[in-house]
Trainee: 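Can you keep this structure in mind? I'll have questions shortly.
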Amino acid sequence: MKKFGGVSTALITPFLKGEVDYTSIKKLLKFQLDNGIQGFVVNGTTAESPTLTAEERVKIFKFVQGEVAGQVPVIMGTGTNSTAETVARTQEAANLAASAALVVVPYYNRPPQAGLLAHFKTVAENSDIPIILYNVPSRTVVKLELDTILKLSKEEKIVGIKEATGDMHFAGKIRSGVSKEFTLLSGDDASFGHFINAGGDGIISVGSHVFPREFVTLQAKEAGSEKKFEASLATINNLYLEPNPIPVKMALFLMGLIASPELRLPLTTMSAEVIPKLKA
């Protein structure tokens, strides 16, 4: 398996009365590792990264690192919509001995493809750790186009991409245009089986919080894994009834894996009228 292939979980940040709940993180990590999860992303979208302080970001990463104890890669989300800030956060991740940095496409300021190319090249040239691109236009508006991805894949420090469009045709074009060493990761839970068949190497997942074993066995193409995954799809889809990570936090709370489903504003807990559907 490639170093960053397989199933990684994009970790939530549990909160309890407004503070980071490390007891719940510990419990969640054990559940994940016991069920075969092969990596973690800290400070990604699912972690509510815009609302974490710099001190919290570092403390959470160190805590996860300590609990994982080198069993699997621990990746740090470092992307912002400022190139200088992204470089600084990526260097911080390197100082923390992160396995890699997950760098999202800059959001809000809508750079052209030339700007995206320059942005990621600048981050890579100033990084001491591997870089994984994160293409998620549903959140960033701007999308990494195929030609830009192919050019960036030739950069020494850029080792892969989290491709979250859910477009299998696009994923197939990436796979055929990059080297075998370049890691192609899904960022779309529901289409993961199709993504693997399109040449994908793994996933950075939200649904793996709830169904870690189902994702891992599907990745390994174990006998009967497709049927088990299909059986979990209704619930996986319900994890997107409201913006991520609102539903997955409620699911983990209902499972007894975290002490509270609370989020930080501007996100709010799951609507009362939707909870019964998720619970069922």
Side-chain angles (χ1 to χ4, degrees), residues 1-12 14 24-25 27-41 44-46 68 71-75 136 138 160-172 175 183-258 261 270 274-280:
M1 185 181 72
K2 293 183 181 179
K3 184 175 181 180
F4 301 110
V7 181
S8 295
T9 297
L11 280 171
I12 64 158
S24 288
I25 295 177
K27 189 173 184 179
L28 179 57
L29 288 171
K30 184 178 187 305
F31 172 70
Q32 295 283 293
L33 290 170
D34 286 350
N35 282 281
I37 285 298
Q38 296 149 327
F40 296 103
V41 172
T45 306
T46 308
V68 169
Q71 297 176 69
V72 298
V74 183
I75 298 164
V136 57
S138 63
I161 185 170
K162 178 183 178 183
E163 211 318 277
T165 65
D167 183 341
M168 295 306 103
H169 182 64
F170 189 63
R175 179 75 286 161
T183 305
L184 182 55
L185 301 168
S186 173
D188 182 70
D189 284 336
S191 63
F192 182 43
H194 299 296
F195 189 86
I196 292 297
N197 292 332
D201 299 303
I203 188 169
I204 296 175
S205 171
V206 175
S208 60
H209 281 94
V210 179
F211 294 106
R213 181 62 62 183
E214 286 80 354
F215 276 89
V216 169
T217 56
L218 185 65
Q219 162 72 26
K221 297 185 177 181
E222 292 184 15
S225 61
E226 288 188 17
K227 287 186 178 180
K228 289 180 181 178
F229 188 79
E230 286 173 7
S232 67
L233 266 178
T235 306
I236 290 171
N237 288 332
N238 282 345
L239 296 178
Y240 299 94
L241 286 169
E242 293 184 341
N244 177 51
I246 294 172
V248 73
K249 279 195 161 184
M250 182 57 70
L252 291 170
F253 173 67
L254 294 171
M255 293 168 71
L257 287 170
I258 61 174
M270 198 170 197
V274 181
I275 294 173
K277 185 174 183 180
L278 177 66
K279 190 173 183 179

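These numbers come from the heavy atoms of this one structure, side chains and all, not from hydrogens, waters or symmetry mates. Note that this is a predicted model, so its numbers are computed, not measured.
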Trainee: Does any N or O in the side chain of D188 come within less than 3.5 Å of the main-chain N or O of T165, such that one atom is a donor and the other an acceptor?
Mentor: no
Trainee: So, taking the atom named NE2 in H194 and the one named OG in S186, what distance separates them when rounded to the nearest 0.5 Å?
Mentor: 11.0 Å
Trainee: Within a strict 4.5 Å, meaning less than it, do heavy atoms of the F192 and L218 side chains meet?
Mentor: yes
Trainee: For M250 and I246, what are the C-alpha separation, side-chain angles and deciding distance, and is it a side-chain contact (heavy atoms from CB on, under 4.5 Å)?
Mentor: CA-CA 7 Å; M250 182 57 70; I246 294 172; over 6 Å; no
Trainee: For a 4.5 angstrom cut-off between non-hydrogen side-chain atoms, does K162 reach V41?
Mentor: no
Trainee: Do you know which two heavy atoms are closest between F195 and A171, and how far apart they sit?
Mentor: CE1-CB, 3.8 Å
Trainee: Between N197 (side chain) and G193 (backbone), is there a donor-acceptor pair under 3.5 Å?
Mentor: yes
Trainee: Which value, rounded to the nearest 0.5 Å, describes the distance between T235 atom OG1 and L278 atom CG?
Mentor: 7.5 Å
Trainee: Working to the nearest 0.5 Å, report the span between CD of Q219 and OG of S225.
Mentor: 10.0 Å
Trainee: How long is the straight-line distance from CD1 of I25 back to CZ of F40, given to the nearest 0.5 Å?
Mentor: 11.5 Å
Trainee: Should we count CD of E226 as having more than 12 external heavy atoms under 6.0 Å?
Mentor: no
Trainee: Would you indicate whether the side-chain heavy atoms of K277 and N238 approach each other to under 4.5 Å?
Mentor: yes
Trainee: A side-chain contact here means heavy atoms from C-beta on lying under 4.5 Å apart; do V216 and I37 qualify?
Mentor: yes
Trainee: Decide yes or no on side-chain contact (heavy atoms from CB on, under 4.5 Å) for L28 and I12, but give the supporting numbers first.
Mentor: CA-CA 9 Å; L28 179 57; I12 64 158; 3.8 Å; yes
Trainee: Would you say the side-chain atoms of K228 pair up with the backbone N or O of R213, donor to acceptor, closer than 3.5 Å?
Mentor: no
Trainee: Give the C-alpha distance, both sets of side-chain angles, the deciding distance and a yes or no for side-chain contact (heavy atoms from CB on, under 4.5 Å) between Y240 and V206.
Mentor: CA-CA 10 Å; Y240 299 94; V206 175; 3.3 Å; yes
Trainee: For the side chain of Q38 and the backbone of V72, is there at least one donor-acceptor N/O pair under 3.5 Å apart?
Mentor: no
Trainee: Kindly determine whether L11 and L29 satisfy side-chain contact (heavy atoms from CB on, under 4.5 Å), including the steps that lead there.
Mentor: CA-CA 9 Å; L11 280 171; L29 288 171; 3.8 Å; yes
Trainee: Should N35 and F211 count as side-chain neighbours, where that means a heavy-atom distance under 4.5 Å?
Mentor: no
Trainee: Quick test of your reading of the model: are D201 and R175 salt-bridged, counting only N-O distances below 4.0 Å?
Mentor: yes
Trainee: Rounded to the nearest 0.5 Å, how far apart are OG of S24 and CG of L252?
Mentor: 9.5 Å
Trainee: Could you point out which residue of D189, V248, V210 forms a side-chain contact (heavy atoms from CB on, under 4.5 Å) with I236?
Mentor: D189
Trainee: How long is the straight-line distance from CE of M255 back to NZ of K27, given to the nearest 0.5 Å?
Mentor: 10.5 Å
Trainee: A side-chain contact here means heavy atoms from C-beta on lying under 4.5 Å apart; do M270 and L241 qualify?
Mentor: yes
Trainee: Could you give me the CA-CA distance, side-chain angles and deciding distance for S232 and E214, then say whether side chain to side chain donor-acceptor pair (under 3.5 Å) is met?
Mentor: CA-CA 8 Å; S232 67; E214 286 80 354; 5.7 Å; no
